[in-house]
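Heads up, the thing below is written out as structure tokens.
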Amino acid sequence: MQKLIIEGGYPLTGTIRISGAKNAVLKLMAAALLGKGKFVIRDVPAIKDVYTMIGVLTALGVKAELTDSVLTLEVDQITGEAPTDLVQEMRASIQVMGPLLARLGWVKIAKPGGCAIGDRPIDLHLRNLERLGAVIEEEHGFITARCSRLIGQEISLDFPSVGATENLMMAATLAKGKTVIYNAAREPEIVDIQNFLNQMGAKIYGAGTSVIVIEGIDEKHLGGAEYTVIPDRIEAGTYLLAAAITRGNITLENVNPQHIQVLLSKLTETNSRLSIGLNKITLESGRIIQPANIITLPYPGFATDLQPQFMSLVTLANGSSVIKETVYSRRFGHVEELRRMGADIQLDTNSAIVRGVKQLSGAAVRAMDLRAGAALVIAGLAAHGTTEITGVEHIMRGYERLVEKLQGVGAKINLVSEEGN
Ligand code: EPZ
């Protein structure tokens, strides 16, 4: 079993380079299934989720290699049957459904289960693939979808789901005619997928707004692409919050400040000073952390993927903060663990009232999911004494070289392996 051991109380100082965005690259990899050819994707983080997606693509017939942040994919003949074990390991695997269906006319994939942060159904994916002409059956835990050629349609999403928007964009790329997605998700990762697909030869515009238009094209017009993935805005936010809670001063490089505007304004509210460059952010912490309220919303609102980490920061604020989670039904798994470290948090359905305390104290805690784990790391960096975090595998799914990056800015953090526990 692996554990992260953190000796708290050291201000973070120095520079961190942000890696490519996990939640973009996984979808670019799925999108590559739409066209035959060679793909070179740069700035790909060497994290567990990327390796899982490499496994999925390999099982589908793709040749994949990741070396020094450059991912090369060679896509030719592929199958539509996704590997069940890997799909069950990572929900994002469901994003291969749209491309496989559009390219092969069939796909068979295991139904994703619930997860630690909420039920996470995929009804919006399925219902709207049906609108494009897919015939979908759900039996024995599998989804099978078939179509001759998908037909472009006007689609209105009940909720701007990131995954549904992406699956539909990819499927509609090879549909006959035009598809318009209303109430589409507006996340920067959606823009990245549009740009990648367009480099492959697709005709998509509007990503980044709530109306996305996909002019369907013939398969023969799609080919390989060379592409650099956008920086990971959640990784960037995590390190800014880590610096703020330790009263440190750090500079992030390879970051797009526009992608985390709400977080930056909340950091200012909590008393950090920021200087913003084109792809650089420097944070200087104030001595006192001021309280601040947040409500998580689809982009450009406050990202749910930064809610747990922000909660850690305000556990040490000079007053009370209210944190409201509206995207997921159960994203408060970190609360009990933060309480173990001395935080004063009261939960009320989808809101948390966090009363700032003078000090957190190191404790043995467990990461329930990726971002809850990041929140515990942040809390541990500021806590008095030693924090031991188990459930490290969740954290390693999404943060490239977390330990090395934090050590590089002065954190006392180590990953240790223990036999037989
Ligand atoms: C993506 O998940 C991200 N994952 C998540 O990041 C992120 O939290 C989320 O978007 C929101 O920003 C990846 O990109 C791999 P959604 P996704 O569809 O696409 C409900 C992380 O920590 N919903 O926008 O699954 C759903 O249950 C992860 O990196 C339906 O009801 O997000 C959820 O409550 C975790 N029916 C909400 O919408 C559907 O058909 C948001 O889901 C689809 C979604």
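Every number for a ligand or one of its atoms is a count from 1 in the order of the listing.
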Checklist entry - Any donor and acceptor pair, going by atom type alone, linking the side chain of Asp305 with main-chain N or O of Ile234 inside 3.5 Å? => result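 Not at all, since once roles are kept as given, no pair shorter than 3.5 Å links the two residues.
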Checklist entry - Donor-acceptor pair, Lys3 side chain versus Gly391 backbone, under 3.5 Å? => result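 Not a single qualifying donor-acceptor pair exists.
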Next on the checklist: Residue by residue, ordered by chain and number, which ones reach under 4.0 Å of ligand 1 with a heavy atom?
Outcome noted: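 Ligand 1 pocket, heavy atoms under 4.0 Å: Lys22, Asn23, Lys27, Ala92, Ile117, Arg120, Pro121, Ile122, Asp123, Leu124, His125, Phe159, Ser161, Val162, Gly163, Thr304, Asp305, Val327, Tyr328, Arg331, Leu370, Arg371.
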Checklist entry - Looking at residues at least two apart in the chain, or sitting in another chain, which of them share a salt bridge (Lys or Arg N to Asp or Glu O under 4.0 Å) with Asp232? => result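 If we apply the salt bridge (Lys or Arg N to Asp or Glu O under 4.0 Å) test to Asp232, skipping adjacent residues, there are no hits.
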Checklist entry - Can you name the salt bridge (Lys or Arg N to Asp or Glu O under 4.0 Å) partners of Arg186, sequence neighbours left out? => result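 Not a single residue meets the salt bridge (Lys or Arg N to Asp or Glu O under 4.0 Å) criterion with Arg186.
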Please set out all donor-acceptor pairs under 3.5 angstrom arising from side-chain atoms of residues 43-52, sequence neighbours excluded.
{"unit_1": "Asp43", "atom_1": "OD1", "unit_2": "Arg17", "atom_2": "NH1", "d": "3.3"}
{"unit_1": "Asp43", "atom_1": "OD2", "unit_2": "Arg17", "atom_2": "NH2", "d": "3.0"}
{"unit_1": "Asp43", "atom_1": "OD2", "unit_2": "Asn254", "atom_2": "ND2", "d": "3.3"}
{"unit_1": "Asp49", "atom_1": "OD1", "unit_2": "Arg397", "atom_2": "NE", "d": "2.8"}
{"unit_1": "Asp49", "atom_1": "OD1", "unit_2": "Arg397", "atom_2": "NH2", "d": "3.3"}
{"unit_1": "Asp49", "atom_1": "OD2", "unit_2": "Arg397", "atom_2": "NH2", "d": "3.3"}
{"unit_1": "Thr52", "atom_1": "OG1", "unit_2": "Lys48", "atom_2": "O", "d": "3.0"}
{"unit_1": "Thr52", "atom_1": "OG1", "unit_2": "Glu89", "atom_2": "OE2", "d": "3.4"}

Checklist entry - So, for Ile78 and Leu33, which heavy atoms are closest and what is the spacing to 0.1 Å? => result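 Heavy atoms only, the tightest pair is CD1-O, 3.7 Å.
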